[in-house]
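The structure appears right after this line, and notes come after that.
When reading the values below, keep in mind they use all heavy atoms of this one structure, side chains included, and skip hydrogens, waters and symmetry mates.
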Protein chains: 2
Amino acid sequence: MKKGSAELLILAILEDGQRHGYEVARQIERRSRGAISFHVASLYPMLYRLEGRGLIEGRWVEKAGQRRRRYYRLTTDGAGVLAAQRSLWQEFFTGINRVARLRNA
Amino acid sequence: MKKGSAELLILAILEDGQRHGYEVARQIERRSRGAISFHVASLYPMLYRLEGRGLIEGRWVEKAGQRRRRYYRLTTDGAGVLAAQRSLWQEFFTGINRVARLRNA
DNA sequence: GCCCATATGTTGTCACACCACATATGGCCA
DNA sequence: TGGCCATATGTGGTGTGACAACATATGGGC
């Protein structure tokens with residue numbers, strides 16, 4: 001599934017609070033009930049890009065007897081982009097539905 | 001808008017009958033009420049790919065005082081792929097909605 | 001001792017969306 | 001007459017982004 005939705009999904013997950021990468025992936029898979037699964041090769045590079053653009057902020061957290069984790073939180077800019085993305089995707093879905101007649105309900 | 005939806009959209013338009021490339025693009029823009037617009041650099045290469053995969057079939061139609069047009073029709077294979085695509089996109093949308101909470105209705 | 005779940009990452013490849021450009025015809029308007 | 005717009009088809013080059021495969025590291029269960 002290559003649809004360019006990673007940005008929207010990650011930002012939406014982080015809206016609920018701080019999460020580390022692996023957790024973000026699990027949340028997306030869980031919340032979508034398996035419909036959308038994330039691959040590491042998409043996930044981590046996308047997290048760096050989002051951080052580079054200032055939409056999310058990460059910090060390393062180390063605990064004894066655990067691999068280090070990088071926790072991300074949504075920035076103010078990130079929240080703005082999330083709102084814009086939501087709106088764009090909503091419009092896109094409506095358009096697709098009109099053209100391809102997906103939804104019966 | 002780069003979302004990989006071209007295949008679904010084109011097949012859905014051709015489901016209604018024969019159309020030439022430019023007409024397909026106009027139909028998509030019209031039916032989506034401007035939400036989705038197609039660019040020639042995506043449209044024609046995609047039509048060739050679909051034809052190469054046997055999902056659509058094209059034939060040249062020449063009329064005096066008109067530029068030649070290539071009309072495409074949906075093949076049986078194409079109809080099958082369209083059904084599969086519809087199902088996939090439906091699932092994808094449901095997943096996105098669950099994760100990103102787009103739809104209130 | 002091995003595999004699995006957790007957790008993070010890189011390299012290389014491929015599909016595809018788009019910008020810019022190109023060609024060709026007819027109609028409208030100044 | 002000349003230019004622009006709509007129609008209609010196409011190409012070359014660029015960039016993004018999704019994924020396969022591989023790599024590293026820790027703890028727990030069998």
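- The side chain of A6(B) lies closest to dA17(C), out of dA18(D), dT11(D), dA17(C).
- The ring pair (Phe, Tyr, Trp, His ring centres under 6.0 Å) analysis of residues 68-93 of chain B, with sequence neighbours excluded, yields the pairs F93(A)-F93(B), H20(B)-Y71(B), W89(B)-F92(B), W89(B)-F93(B).
- Spacing between atom CE of M46(A) and atom P of dG17(D) amounts to 5 Å, rounded to whole angstrom units.
- Of the residues in residues 25-43 of chain B, those lying under 4.0 Å from DNA chain D by heavy-atom distance are R26(B), V40(B), A41(B).
- Non-hydrogen atoms lying under 4.0 Å from DNA chain C are contributed by H20(A), G21(A), Y22(A), all within residues 8-22 of chain A.
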*Does the pair I96(B) and S32(A) meet the rule for a side chain to side chain contact (heavy atoms under 4.5 Å, CB included), with working shown?*
CA-CA 7 Å; I96(B) 292 272; S32(A) 72; over 6 Å; no

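- Look at Y44(B) and you'll find a side-chain N or O under 4.0 angstrom from OP1 or OP2 of dT9(D).
- Applying the side chain to side chain contact (heavy atoms under 4.5 Å, CB included) criterion to T94(B), with sequence neighbours excluded, gives Q90(B), R98(B).
- Rounding to the nearest 0.5 Å places CG of L9(B) at 11.5 Å from OG of S42(B).
- Between the base of dT24(D) and the side chain of R67(A) there is a donor-acceptor pair shorter than 3.5 Å.
- Taking the side chain to side chain contact (heavy atoms under 4.5 Å, CB included) definition, one finds that R19(A) meets it with I13(A), L14(A), D16(A), E23(A), V24(A), Q27(A), sequence neighbours left out.
- For the pair T75(A) (side chain) and L55(A) (backbone), a donor-acceptor distance under 3.5 Å is present.
- When rounded to the nearest whole Å, the span between CD of E23(B) and C1' of dT9(D) equals 14 Å.
- Residue R68(A) contributes atom CZ, which lies 13 Å from atom C1' of dT26(D) at whole-angstrom precision.
- Scanning residues 47-63 of chain B for heavy-atom distances under 4.0 Å to DNA chain C yields R49(B).
- Counting only residues at least two apart or on different chains, the side chain to side chain donor-acceptor pair (under 3.5 Å) pairs with a member in residues 45-63 of chain B are E7(B)-R53(B), Q18(B)-R59(B), E51(B)-R70(B), E57(B)-R73(B).
- Take E29(A) and apply the side-chain hydrogen bond (donor to acceptor under 3.5 Å, both in side chains) test, not counting sequence neighbours, and it matches no residue.
- The salt bridge (charged side-chain N to carboxylate O under 4.0 Å, His left out) pairs that include a residue from residues 74-84 of chain A number zero, where partners must be two or more places apart or lie in different chains.
- For E15(A), the salt bridge (Lys or Arg N to Asp or Glu O under 4.0 Å) test picks out R86(A), with sequence neighbours left out.
- Evaluation of the ring pair (Phe, Tyr, Trp, His ring centres under 6.0 Å) rule for Y22(B) yields no partner, not counting sequence neighbours.
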